[in-house]
Asker: 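I'd like to ask you about the structure that follows.
Proteins come first, then strands; the chains are lettered A, B, ... in the order of their sequence lines, and each starts at number 1. These numbers come from a predicted model, not from an experiment.
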Protein chains: 2
Amino acid sequence: MVKLVALYKQPEDKEKFDEHYFNVHVPITKKIPGLKKMKVTKFSTTPMGDVSEYYLMCEMYYEDYDAMKKGMRSEEGKASAKDLMSFAKDIVTLIIGEEKE
Amino acid sequence: MVKLVALYKQPEDKEKFDEHYFNVHVPITKKIPGLKKMKVTKFSTTPMGDVSEYYLMCEMYYEDYDAMKKGMRSEEGKASAKDLMSFAKDIVTLIIGEEKE
């Protein structure tokens, strides 16, 4: 399985971020065709207790690269990308990955 | 479940990194008591096709924060941390997280 990983840096306003992320962005994103599974991780601190650079991570699983590409190019995929840019343009990093073991 | 996430930036020598990572570091890390599951993701590119900042991610799952803390403080946990510092000190970021959905 391949996955699209979204890493979010610490937002300026966490409450506002969470509100939009969980109530708006997640439901929009879940509609993307071909999306098999979605896992959201909230980060706390580093093992040393320091504030981490990242606030949240979302892992979006697809059957293969083709399915991912199709999903991202679909209307629903474009709607999710557009929404993402509206609230997290400056703090989000997207990376495509494949689980090895 | 909580997880310790290790994000590795692009190594200077990918072949050397992989060699040590998969043949030495993973086996050492798998011995840590309390570790429930370990998932390694190899990153390819960003969705735009650019080289991503990160090369690899490892997610290490524990039952709860206490189990994670115990694991990290165990002899095996210390051995894994020591090995990590020997080959990836400058490129690794560690963050503690909890899966939300």
Asker: How close do A/Y65 and B/S44 get, heavy atom to heavy atom, and via which atoms?
Answerer: OH-OG, 4.1 Å
Asker: Decide if atom NZ of A/K42 counts as having more than 12 heavy atoms of other residues, nucleotides or ligands within a radius under 6.0 Å.
Answerer: yes
Asker: Give, for atom OG1 of A/T46 and atom CG of B/L94, the distance between the pair rounded to the nearest 0.5 Å.
Answerer: 8.0 Å
Asker: Tell me, do A/I95 and B/T41 make a side-chain contact under 4.5 Å, heavy atoms counted?
Answerer: no
Asker: Name the option with the most non-hydrogen atom pairs under 4.5 Å to chain B; the candidates are A/E59, A/M48, A/K37.
Answerer: A/E59
Asker: Taking all heavy atoms of A/P47 and all of B/L4, pick out the closest pair and write down the distance.
Answerer: CG-CD1, 3.7 Å
Asker: Name the region of B/K3, side chain, backbone, both or neither, that has any atom closer than 4.5 Å to a heavy atom of chain A.
Answerer: side chain
Asker: Under 4.5 Å between side-chain heavy atoms, counting indirect links through other Ile/Leu/Val/Met/Phe/Trp/Tyr residues: same cluster for A/V26 and A/Y62 or not?
Answerer: yes
Asker: Decide whether B/M60 and B/F87 are clustered together by the hydrophobic rule: side chain heavy atoms of Ile, Leu, Val, Met, Phe, Trp, Tyr closer than 4.5 Å, transitively.
Answerer: yes
Asker: Can you tell me if A/K31 has over 12 outside heavy atoms packed within less than 6.0 Å of its NZ?
Answerer: no
Asker: What part of B/V5 lies closer than 4.5 angstrom to a heavy atom of chain A: side chain, backbone, both or neither?
Answerer: side chain
Asker: How about residues 49-57 of chain B versus chain A: which residues have heavy atoms under 4.5 Å apart?
Answerer: B/S52, B/E53, B/Y54, B/M57
Asker: Treating Ile, Leu, Val, Met, Phe, Trp and Tyr as nodes and any side-chain heavy-atom pair under 4.5 angstrom as an edge, say whether A/V40 and A/F17 lie in one connected cluster.
Answerer: yes
Asker: Please say yes or no: joined through hydrophobic side-chain contacts below 4.5 Å, possibly via intermediate residues, are B/L35 and B/V92 part of one cluster?
Answerer: yes
Asker: Between A/M68 and A/M1, is there shared hydrophobic-cluster membership here, with clusters defined by ILVMFWY side-chain heavy atoms closer than 4.5 Å?
Answerer: no
